[in-house]
Number of protein chains: 2
Amino acid sequence: MSSTKFVLLSLLAREPLSGYDMKQQMKSRVDFFYKINNNQLYPTLSKLEEDGLVELQAYERESYRPARKVYKITDAGIECLKDWVKEPGSWEEFLLKQYSSWLVEPEILISILEEKKLEQEQLLAEFKGKTASFREQNERLTSDHPLFSSAAVLEMGYRFGRCRIEWCDTMISWLKKGEI
Amino acid sequence: MSSTKFVLLSLLAREPLSGYDMKQQMKSRVDFFYKINNNQLYPTLSKLEEDGLVELQAYERESYRPARKVYKITDAGIECLKDWVKEPGSWEEFLLKQYSSWLVEPEILISILEEKKLEQEQLLAEFKGKTASFREQNERLTSDHPLFSSAAVLEMGYRFGRCRIEWCDTMISWLKKGEI
DNA sequence: TGTAACATGTAACGAGTTACATGATTGA
DNA sequence: TCAATCATGTAACTCGTTACATGTTACA
């Protein structure tokens, strides 16, 4: 149920890698936001291999250090990853899935994005209502008033929502063009 | 170390509540983003009471249902919460802290916000560099190319960063005015 | 001489999730 | 009659974090 195994599949879908490589990528890559630790990494990799979603491509051993095990994603792995990308989920998970969106047909992606957009628009409407009721009930909120902080957090929620909607629009336009 | 206890203190800083009340608020409030389950709620409340950060204000018992325990934050609790709000942390934690920003002196808040803003600006510069190097290396990215997805995720990171910076600016202007 | 990089892995712990248990009352 | 609401709490489990263990080579 956790995203960890899909994160590993997401990386392996692009190129064969060892566990160590994956950790390095997660450290350095600015375009991929995820942190993993050894305790999750290696057992999860073993489980993926058991399930036939990845396979050992190379086993580079040098005498003085542990063998470097390079894994490769299988066809079943690609299918599994594709299915996951199409599944609904929270915004955070959705963003993670976008990293593997290149595997999915553009038409399907567009419909997913349009649904996400709708979801955010509904949330935005709720925020708007809340903010309005704040302003009505309290004409002036000084910075030591609890509702000042509530308004601040609400403002952030509102801005984030708008930001997400705009991003969805940009993505849809990119996909309709077919390239960037 | 976890935020859970501070979340409970954040709610109690505004008004005395029972554990059940807190859960209800987290469900319904649009201005507060946090989910808690009974297994964390009740033991954490007990621990807060042990530590003298909250105290029992009322113990409303009706024969046919469990006693309703209404808690009240103590002076020590307020101090503890205030200290937490001033501490540095991740953006997510920072947002949580903003819900109790009304407890903190505006000058201190402004300096915290300015630091957060700087942090985001540095991140944004990194994103900008990455995006530029993408564009240079690949003139055209079709939607089935892995780097198309990388660019999509990067674009989101960039937009979020800008959104955060703009929000910081808005907050600073609110605080300098002293009210909204 | 010490520490960072390489490369795998385990152990112990803390945090979080789902599900369950109680039990009268209110409303569909 | 069935489910939901009120209100507390426990049990079992998964997930994630920090720290440790191995052992050579390269570099400051």
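By convention in this document, chain letters (A, B, ...) are assigned in the order of the sequence lines, proteins followed by strands, and residues within each chain are numbered from 1. Values below: every heavy atom of this structure, side chains too, minus hydrogens, waters and symmetry copies.
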Exercise for the section: Could you check how far CD1 of A:I36 sits from P of C:dT8, rounded to whole Å? Expected result: 13 Å

Handout entry: Residue A:E93 excluded, over 12 heavy atoms near CD under 6.0 Å
Key = yes

Handout entry: Separation of atom CG in A:D21 from atom C1' in C:dA5, rounded to whole Å
Key = 13 Å

Fill in the blank from the handout: Among C:dG16, D:dG16, D:dA11, the one nearest any side-chain atom of A:Q40 is D:dG16

Exercise for the section: Would you please classify the geometry between the A:F160 ring and the B:F160 ring as parallel, tilted or perpendicular, with 30° and 60° separating the classes? Expected result: perpendicular

Problem - Protein-nucleotide distance (A:M22, atom CE; C:dC6, atom C1'), rounded to Å - result: 16 Å

Problem - Partner set under side-chain contact (heavy atoms from CB on, under 4.5 Å) for B:D21, not counting sequence neighbours - result: B:L17, B:S18, B:R68

Handout entry: Distance, rounded to the nearest Å, where B:L45 contributes CG and D:dT10 contributes P
Key = 12 Å

Practice task
Grab the two heavy atoms, one from A:K97 and one from A:P88, that are nearest each other, plus how far apart they are.
Solution key: NZ-O, 3.5 Å

Exercise for the section: Please find out if less than 6.0 Å separates the ring center of B:F6 from that of B:W84. Expected result: yes

Handout entry: Pairwise distance CG(B:L154) to CD(A:Q98) - rounded to 0.5 angstrom
Key = 14.0 Å

Handout entry: No-H, no-angle donor-acceptor pair, A:N37 side chain to D:dG16 base, under 3.5 Å
Key = no

Exercise for the section: Tell me what B:K35 touches on the nucleic acid: a base, only sugar-phosphate, or nothing, going by heavy atoms under 4.0 Å. Expected result: nothing

Practice task
Using a cut-off of strictly less than 4.0 Å between a heavy atom of the residue and any atom of DNA chain D, enumerate the qualifying residues of residues 46-57 of chain A by number.
Solution key: none

Exercise for the section: Whole angstrom is fine here: how far is it from CG in A:L41 over to P in D:dT17? Expected result: 13 Å

Practice task
Using a cut-off of strictly less than 4.0 Å, decide whether B:Y42 has a side-chain nitrogen or oxygen near OP1 or OP2 of D:dT8.
Solution key: yes

Problem - N or O in side chain of B:K23 less than 4.0 angstrom from D:dC6 OP1/OP2 - result: no

Handout entry: Axial cation check for A:Y158 ring with A:K128, 6.0 Å and 45° limits
Key = no

Practice task
Mind running a 4.0 Å heavy-atom check of residues 10-18 of chain B against DNA chain D and sending the residues that fall below it, in number order?
Solution key: B:S18

Problem - Contact under 4.0 Å: A:T4 side-chain N or O vs D:dC15 OP1/OP2 - result: no

